[in-house]
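Lettering follows sequence order; numbering is per chain, from 1. Source: prediction; values computed, not measured.
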Amino acid sequence: MEPVRPDLVPDAELSRDEMEALQHEIADAAVFVDDVAIDPDRLSNPLASAASEGEPPIVAGVDQSFLQDGDGTEDRALSAVVAMQGGEVIERVYAVTPLEIPYIPGLLAFREGGPILAALEALSVEPDLLLFDGSGRIHFQQAGIATHMGVVLDAPCIGVAKSLLCGRPRSDVENLPEGARVAIEANDRVDAPAGTLIGYAVQTRQYDSPDRYINPLYVSPGHRVGPETAADVVLALASSYKLPEPVRLADGYADEAKRAVRD
DNA sequence: GCGACAG
DNA sequence: ATCTTGTCGC
């Protein structure tokens, strides 16, 4: 797949103000409600797929790793994509591109967007849905990496983050039971009316011991997906591990490919 | 000045 | 995110 909005592709040469201005454009173009019918049950369950007509949807997980040069300085980013259909991997691709800027909270898409788009161009199948490691609408300008990629590609996207960038949970998120979700609403750090629902803390896995617990994932709409569906999809795809399977596999593939590139 | 900060 | 082996615990 390739960008349908080349004008909005993240450019690391921009000034910080220009980057944030672009993010406001992205947020304005983003659709934070369900735009396509995505049945979470058909994502990973082959039986549900067989029972209904047509092919099950293709879901892609995207994750990055980084390579160092001889000095130990990070100089390249590697983006890995794992595409799944009916619970099975149908394609894996990766791309390596030079690293342009350091990590700056809020500007992740300008650091990692290049290799992601390069890897997605190498992908031969057309995903119906993409999951990213990072935020979507849970972002200062409501334009996290999942939203940015979603608008540039005009594809349904979901952000899956392991920690909360901004916003505020409506209730305690400690030690939630498996399958639970807690709404995340905009606070004064988010460029949205206070109280706006921007995502969910989603507990995909949990221990049963009283002294230790697993932190939830922070799931938010990227583009063309609403917050409830985003949470439903992540729960449906996280069958045996904390991370939804496409993202977990992309995570592993990013490490595997990095080792291969190093040799 | 202080605090907060995806990967 | 990254440098890294084994190891403690359910």
Next on the checklist: In this structure, how many angstroms lie between the P atom of C:dT2 and the CG atom of A:D69, rounded?
Outcome noted: 16 Å
Checklist outcome for this item: A:E100 atom CD is separated from B:dG7 atom P, nearest whole Å, by 22 Å
Next on the checklist: So, does A:K162 get its side chain near the phosphate of B:dG7, meaning an N or O under 4.0 Å from OP1 or OP2?
Outcome noted: yes
Next on the checklist: Applying the 5.5 Å / 30° rule, does A:Y218 stack onto the base of B:dA6?
Outcome noted: no
Checklist entry - Please walk me through it: do A:T73 and A:Q68 pass side chain to side chain donor-acceptor pair (under 3.5 Å)? => result CA-CA 5 Å; A:T73 310; A:Q68 305 181 334; over 6 Å; no
Next on the checklist: What is the separation between atom CD on A:Q68 and atom C1' on C:dA1, rounded to the nearest whole Å?
Outcome noted: 10 Å
Checklist entry - Quick one: is C:dC3 close enough that its OP1 or OP2 comes under 4.0 Å of any side-chain N or O from A:R262? => result yes
Checklist entry - NA contact type, A:S135, heavy-atom cut-off 4.0 Å: base, sugar-phosphate, or nothing? => result base
Item to check | d(CG, A:D133; P, C:dA1) in whole Å | outcome: 8 Å
Next on the checklist: With a 4.0 Å limit, can you tell me whether A:S163 has a side-chain N or O closer than that to the phosphate oxygens OP1/OP2 of B:dG7?
Outcome noted: yes
Checklist entry - So, are A:R92 and A:E256 salt-bridged, with charged N and O less than 4.0 Å apart? => result yes
Checklist entry - Looking across every strand, which nucleic acid part, if any, lies under 4.0 Å from A:I145 by heavy atom: base, sugar-phosphate, or nothing? => result base
Checklist entry - OH of A:Y103 versus C1' of C:dT2: gap in Å, rounded? => result 14 Å
Checklist entry - So what does A:G159 touch, heavy atoms closer than 4.0 Å: a base, only the sugar-phosphate, or nothing? => result nothing
Next on the checklist: For a quick check of understanding: with a heavy-atom distance under 4.0 Å over all strands, which category does A:I116 fall into, base, sugar-phosphate or nothing?
Outcome noted: nothing
Checklist entry - Roughly how many Å is it from CZ in A:R168 to P in B:dC5, rounded to a whole number? => result 15 Å
Next on the checklist: Taking the minimum atom-to-atom distance to the side chain of A:K258, which one of B:dC5, C:dT2, B:dG7 wins?
Outcome noted: C:dT2
Item to check | Residue of the set A:H24, A:H148, A:Q23 for which side chain to side chain donor-acceptor pair (under 3.5 Å) holds with A:Q141 | outcome: A:Q23
Next on the checklist: Rounded to whole Å, how long is the line connecting atom CD1 of A:I184 with atom P of B:dA6?
Outcome noted: 14 Å
Checklist entry - On the ring face of A:Y103, is A:R111 found with NZ or CZ under 6.0 Å from the centre and within 45° of the axis? => result no
Checklist entry - Has the side chain of A:R224 got a donor or acceptor atom that lies under 3.5 Å from a matching backbone atom of A:V33? => result no
Checklist entry - Roughly how many Å is it from CZ in A:R111 to C1' in B:dC5, rounded to a whole number? => result 15 Å
Checklist entry - Between A:D255 and A:D211, which has a closest nucleotide on DNA chain C that is more 5'? => result A:D255
